[in-house]
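Keep in mind that what you see is a predicted model, and the values were worked out from it rather than measured.
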Amino acid sequence: SKKLTERLESLCTENKLKLFKLLLTAYIVLLYRYTQQTDIPIGTIVSNRQIPETEKMMGNFLNTLIVRVKIDETATFRTLLNTTWQNLKTIYAHQTLPFQALTPFLTQEQDHRFSPIQAAFVFEPEFYESPHHWKISQLEIHPGTCKFDLTFELDVRNSGIIGRVEYSTEMFDDWFISQMIGHYEVILENMVDHLDCPISQLPILTAKEHQKLHDWNNTQAEYPKDKTIHQLFEAQVEKTPNHIAVVFEDKKLTYRELNEKANQLAHYLRKKGVTAETLVAIYIERSLEMIIGILGILKAGGAYVPIDTQYPTARVKYILEDTNTPIILTQASLSTNLTDYQGKLVKLDTEWQYIETASKKNLEKIDESNNLAYVLYTSGTTGKPKGVLIEHKSITNMILSQINFFEITENNIIIAVSAITFDASVSEIFSALISGASVHIIKSLIALPSSLKILKTSIVTSPPSLLNSISTNSILNLRTLVLAGEPIDNFSLNRMKISCKLINAYGPTEICVCASLFIIPQNNKKNDKVPIGKPIANTQCYVLDQSDQLVPIGVSGELHIGGAGLARGYLNQPELTREKFIPNPFGEGRLYKTGDLVRWLPDGNLEFIGRIDNQVKIRGFRIECGEIEAALLTLPEIQQALVIPKEDTTGDKYLAAYLIADKKIDPSTIKTCLKSQLPEYMIPVTYTFLKIFTLTTNGKIDKKA
């Protein structure tokens with residue numbers, strides 16, 4: 001506007017600046033805030049008429065210069081102005097060198113098909129009336145292509161500053177460019193009043209965008225936040241006592257039978273000393289007793305700690321020591337794996353004759369909704385798994401949101417595929433037991449295809465990679481397929497003709513299973529990325545940059561999540577809890593730093609892009625490669641280890657290990673060592689021995705190499 005232009009010109013006069021330098025620096029700030037890159041090269045144009053002989057000559061003397069600005073993230077706008085000016089003075093001293101002569105040196109380490117400059121900035125000062133009273137006008141010519149991926153061209157006119165943006169339509173949409181222009185204006189407006197504000201903190205979002213982000217996070221909904229999850233189950237028992245609650249192979253229990261058996265176990269556990277927030281480990285094969293055990297622990301007031309029976313002894317030992325649990329629910333056949341355990345063993349199979357003498361009635365409530373419900377161990381960056389503390393109210397909100405979104409009724413069957421050490425199991429078990437549906441426990445993933453053929457109106461949660469092993473005929477009876485645990489593979493998705501309701505679910509363990517949901521349309525195009533959806537009820541999602549500032553819609557940043565599903569933190573790890581669960585700068589409570597790169601789409605859905613750290617998801621399991629690398633380094637021969645995810649020809653992911661060692665070791669020896677420390681899904685498939693690890697220019701391991 002004319003008003004803002006005059007304010008900028010006044011700022012230039014006060015600080016003895018040229019308007020070009022001010023506008024260029026604002027453009028640099030815009031690109032920095034969009035990309036978080038601290039080394040930004042920008043192309044600009046000079047007229048190259050420095051000598052008198054060229055003044056009256058017709059012809060194109062323009063030359064492209066590169067302004068390369070290295071940004072200190074703590075810099076203010078004023079200091080960045082000075083940095084930009086120093087760069088401009090340097091390049092002006094060499095402006096007669098043709099850009100074409102410079103290009104070969106710039107592209108030595110790059111792909112020659114691409115320009116070394118992606119962004120450009122062109123500025124024309126105000127046109128003055130010629131002495132011959134010529135009328136000057138500008139002719140817009142559309143060349144049909146763009147010289148650079150993004151060019152801002154600004155002109156000063158009597159009415160203010162006008163401009164145009166030339167951009168690659170392969171890279172940008174028109175809504176994105178329009179939004180970018182709005183952000184540029186916001187930067188200019190704020191710069192006038194906040195010249196000494198750090199550029200990383202300078203507000204750039206428009207008022208309209210702030211309103212959109214607020215509306216997308218306006219997810220408030222009523223739910224029984226004062227109820228524990230087992231109280232909701234008991235309420236369902238009253239409604240459908242004779243309905244089938246749980247099925248395993250040829251055995252089944254009604255809601256009344258399941259409730260009574262869980263009550264008997266809970267009374268028994270109370271006598272064993274279980275009270276509010278007592279951590280009770282559950283180390284049981286998949287069975288009806290597994291569900292009875294979970295409910296029994298919760299009804300007694302305790303929090304369950306699931307341990308997979310396939311875990312190696314070292315991992316089981318670590319979890320038991322970290323939780324210091326006084327009791328383990330197990331089976332006689334598994335007790336031989338727990339010989340070092342000093343606490344109480346409750347063997348559900350051999351002790352049931354004593355347990356069933358206890359009362360079948362619901363217990364007196366001794367816990368609250370803000371008490372712990374479970375502690376679930378996930379892979380850790382330090383080489384040790386970490387226990388996530390989840391409270392009852394978090395489960396209640398998540399389960400009721402899913403029941404509503406999935407439209408679950410008492411006529412549905414939910415197939416429990418996940419191990420109870422995987423957070424999806426919480427959704428599978430309780431979305432059934434709170435809605436009146438039946439939960440069918442299958443023994444392993446191998447049994448899933450046959451179960452899908454038999455069970456009608458069923459709902460199943462599966463990692464997308466599992467689609468490769470399921471035939472189209474297997475899912476004809478499926479009502480709803482929930483894909484979760486890893487990014488959706490479009491190859492697998494489009495290979496199958498899926499007619500059921502298809503949902504993409506996203507959520508880290510620290511947000512109680514699920515934070516966002518998206519219904520995948522049946523006409524999803526082959527190359528369309530599937531969004532992870534919108535926040536569920538009472539959940540807020542913020543996409544922030546490295547300085548914890550909101551990023552624009554369409555720009556990638558780290559996803560931070562808050563709301564009712566937020567975990568209490570990590571067991572026995574206060575420092576890690578403070579690092580990952582930060583105060584919410586936009587409201588009450590805390591936010592969890594997910595480490596996931598995402599961006600908002602214009603329709604209010606979130607799109608997953610990747611990880612900012614070394615964490616990966618394979619077949620639904622969250623894996624910290626650092627934990628595997630730490631295990632590899634326990635072998636005395638191995639000096640350095642790197643584990644990265646790769647894909648085979650079918651699109652399936654697997655783990656590949658790259659090693660620097662004193663001598664080459666047989667992979668079978670390495671696997672044997674790893675299996676004593678890690679679960680099977682964390683064992684790398686391939687092992688490559690290298691002399692050195694290739695490094696990037698900033699000294700980090702070049703994983704692409």
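In this structure a side-chain-to-backbone donor-acceptor pair under 3.5 Å is missing from D173 to W175. Panel note: side chain N82, backbone R78; no donor-acceptor pair is recorded below 3.5 Å. Between the side chain of D596 and the backbone N or O of E558, no donor-acceptor pair lies under 3.5 Å. Formation of a donor-acceptor pair under 3.5 Å by the T594 side chain with backbone atoms of L559 is found in this model. Using modelled atom types, one side-chain atom of Q179 and one backbone atom of I553 make a donor-acceptor pair closer than 3.5 Å. D39 places no side-chain N or O within donor-acceptor distance of the main-chain N or O of I71, the cut-off being under 3.5 Å.
With rounding to the nearest 0.5 angstrom, the CD1 atom of I204 is 12.0 Å from the CD atom of Q201. Here F77 contributes atom CZ and D196 contributes atom CG; the two are 11.5 Å apart, rounded to the nearest 0.5 Å. The line from CD of E6 to OG1 of T13 is 11.5 Å long, rounded to the nearest 0.5 Å.
A salt bridge is defined here as a Lys NZ or Arg NE, NH1 or NH2 lying under 4.0 Å from an Asp or Glu carboxylate O, and D193 with R7 meets this definition. The pair K653-E647 does not count as a salt bridge, with every side-chain nitrogen at least 4.0 angstrom from each carboxylate oxygen.
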Checklist line | Working for ring-ring contact (aromatic ring centres under 6.0 Å, His included), residues F152 and F121 | finding: CA-CA 5 Å; F152 267 46; F121 183 84; 7.2 Å; no
Next item on the list: Begin with the C-alpha distance, continue with both residues' side-chain angles, and end with the deciding distance and a verdict on side-chain contact (heavy atoms from CB on, under 4.5 Å) for Y506 and I561.
Entry: CA-CA 12 Å; Y506 164 86; I561 308 177; 4.0 Å; yes
Checklist line | side-chain hydrogen bond (donor to acceptor under 3.5 Å, both in side chains) between Q95 and Q50, intermediate numbers included | finding: CA-CA 10 Å; Q95 62 181 304; Q50 291 87 10; 2.7 Å; yes
Next item on the list: With side-chain contact (heavy atoms from CB on, under 4.5 Å) as the test, would you mind laying out the steps for L502 and I519 before giving the verdict?
Entry: CA-CA 6 Å; L502 201 57; I519 298 175; over 6 Å; no
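The number of heavy-atom neighbours closer than 6.0 Å to CD of E170, taken from other residues, nucleotides and ligands shown, is 12 or below.
Screening Y542, W216, F176 for a ring-ring contact (aromatic ring centres under 6.0 Å, His included) involving W600 leaves a single residue, W216.
Among residues two or more places apart in sequence or in another chain, the side chain to side chain donor-acceptor pair (under 3.5 Å) test is passed with E579 by none.
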